[in-house]
Amino acid sequence: MDVVVELRAGRMRLADGKLSADPRKGLIRVCQDEAGLTHFCWAERDAASGNPVSGDPELDIVIIPGECNFSKISRPGARIFELRFPEEKHRNMFFWAQEVDAATDDDYIAAIGLALSPDDDGEDMDTETAAAAAPPAAAPAAAPAAAAPSGGGAIGASALAAVLGNIMSGAAGPSMSALLQQRGGAAADPGPTLGDVLRPELLAPLVRDPDMVERLSPFLPEQHRNADSIAELMSTPQFRHQLDLLSHALMTGQLDTRQFGLPPGGFGVMDFLRSIQEQADKEKAAGGQQREQQPGSGEGQPQG
């Protein structure tokens, strides 16, 4: 991944309404992967070299444009940053500044804010633009940063995309076609949202299938890796909100099907779902051809 902007900062833990500082040296990085998705990462930093201790960041969250903001908490004598999720406060994270010069804090905040959210024209912030807004120490690094699964109990954007892909590809055929047909082939502008299409009552039978549970489990927190929990998760306000955010990003062109490894299909929710259907159909057809090429059950062989 390409590093767009970085800031030396340590993590903080919130417990019983109080913040406590993790004493380790740390590094916040906002990165962009090959698909154009934005990652907010934190890694422990070696005090001598200034580089991450490990190749894998301890924290790696895929950010949907508009779902969060980065700011400084107004507290006398303290330099504390907050990654705030206005609609999901349980996901808020806190960091303590480790840059020597406090006068650069506002510059870093502006650079990270630009990197996390699209600009006024709806275009993603590129590495060069974000670096120009940041102090010199936050210039893009030449070495790529490695990705790691995000932790915690909440389902993030990357996991959501993977979950949707598995649900929809597993439902390809009559079930998936029914979902699409219910919304009509030519969706009116601005078209349906993922929340409109992926209603809990339609998803419940799919996610209770043991094979589907097995396919979804790697993308979910451990406590949600069973049919009942997955079905309950699909109806929570947090999950529905993530669907709305992903829908908005698709419908405004901030994300497209190619960024999820799907066939090119334009922008919008219906294009996203059709691309999943198209890929699932191709995979099933390829699987069928492979089975046909395998030795048969004895048909057409000479009888003794």
Close side-chain approach of Leu246 to Ile64, heavy-atom, < 4.5 Å:
yes
Could you please spell out the steps behind the side-chain contact (heavy atoms from CB on, under 4.5 Å) verdict for Arg79 and Glu99?
CA-CA 10 Å; Arg79 296 168 62 201; Glu99 296 290 344; 4.0 Å; yes
Measuring only between side-chain heavy atoms, which start at C-beta, is Tyr108 closer than 4.5 Å to Ile28?
no
Would you indicate whether the side-chain heavy atoms of Leu7 and Ile112 approach each other to under 4.5 Å?
yes
Using the side-chain hydrogen bond (donor to acceptor under 3.5 Å, both in side chains) definition, which of the options Arg45, Arg8, Arg24 pairs with Gln98?
Arg45
If Ile, Leu, Val, Met, Phe, Trp and Tyr residues are connected whenever their side-chain heavy atoms lie under 4.5 Å apart, and connections chain through other members, are Ile73 and Met12 in the same group?
yes
Decide whether Phe94 and Val30 are clustered together by the hydrophobic rule: side chain heavy atoms of Ile, Leu, Val, Met, Phe, Trp, Tyr closer than 4.5 Å, transitively.
no
Without swapping roles, check the side chain of Asp46 against the backbone of Pro52 for a donor-acceptor pair under 3.5 Å.
no
With the side chain counted from C-beta on, respond yes when Lys89 and Asn92 share a heavy-atom pair under 4.5 Å apart, and no when they do not.
yes
Heavy-atom side-chain contact between Phe272 and Leu194 under 4.5 Å:
yes
The reported gap from CG in Leu27 to CD in Glu6 (rounded to nearest 0.5 angstrom) is 4.5 Å
How close do Ser247 and Gly195 get, counting heavy atoms only, and between which atoms?
OG-N, 4.4 Å
For the residue pair Thr104 / Asp101, report whether a side-chain donor-acceptor contact shorter than 3.5 Å exists.
no
Do NZ/NE/NH1/NH2 and the carboxylate oxygens of Glu278 and Lys282 come within less than 4.0 Å?
yes
Validation row: Glu82, Lys72 side chains within 4.5 angstrom (heavy atoms)
no
Closer than 3.5 angstrom, by distance alone: can the side chain of Trp42 be matched with the main-chain N or O of Phe95 as a donor-acceptor pair?
no
Drop me the distance from Leu14's CG to Ser20's OG, to the nearest 0.5 angstrom.
8.5 Å
Any donor-acceptor pair under 3.5 Å from Ser229 side chain to Arg225 backbone
no
How long is the span from the CG atom in Asp2 to the CG atom in Asp33, to the nearest 0.5 Å?
9.0 Å
Working to the nearest 0.5 Å, report the span between CZ of Phe40 and CG of Leu59.
6.5 Å
dist Cys68:SG -> Ile63:CD1 (nearest 0.5 Å) comes out at 4.0 Å
Report, one line per pair, each donor and acceptor closer than 3.5 Å where one atom sits in a side chain of residues 205-212; sequence neighbours left out.
| unit_1 | atom_1 | unit_2 | atom_2 | d |
| --- | --- | --- | --- | --- |
| Arg208 | NH1 | Asp228 | OD1 | 2.7 |
| Asp209 | OD2 | Asp211 | N | 2.9 |
| Asp209 | OD2 | Met212 | N | 3.2 |

Atom pair CG/SG of Asp60 and Cys31 - distance to nearest 0.5 Å:
7.5 Å
More than 12 heavy atoms from other groups under 6.0 Å of CD on Glu232:
no
So which heavy atom on Leu203 is nearest to which on Leu198, and how close?
CD1-O, 3.6 Å
Considering only NZ, NE, NH1 and NH2 on the basic side and carboxylate oxygens on the acidic side, decide whether Arg84 and Glu67 come within less than 4.0 Å.
no
Side chain to side chain, Leu273 and Val197, heavy atoms closer than 4.5 Å:
yes
Given side chains that start at C-beta, do those of Ile230 and Leu216 come closer than 4.5 Å, heavy atoms only?
yes
For Arg11, enumerate each residue passing the salt bridge (charged side-chain N to carboxylate O under 4.0 Å, His left out) test, keeping only those at least two apart in sequence or located in another chain.
Glu58
Between Leu83 and Leu116, is the side-chain contact (heavy atoms from CB on, under 4.5 Å) condition met? List the steps.
CA-CA 10 Å; Leu83 181 67; Leu116 291 176; 3.9 Å; yes
In the single-linkage hydrophobic clustering (I, L, V, M, F, W, Y; side-chain heavy atoms under 4.5 Å), do Met93 and Ile80 co-cluster?
no
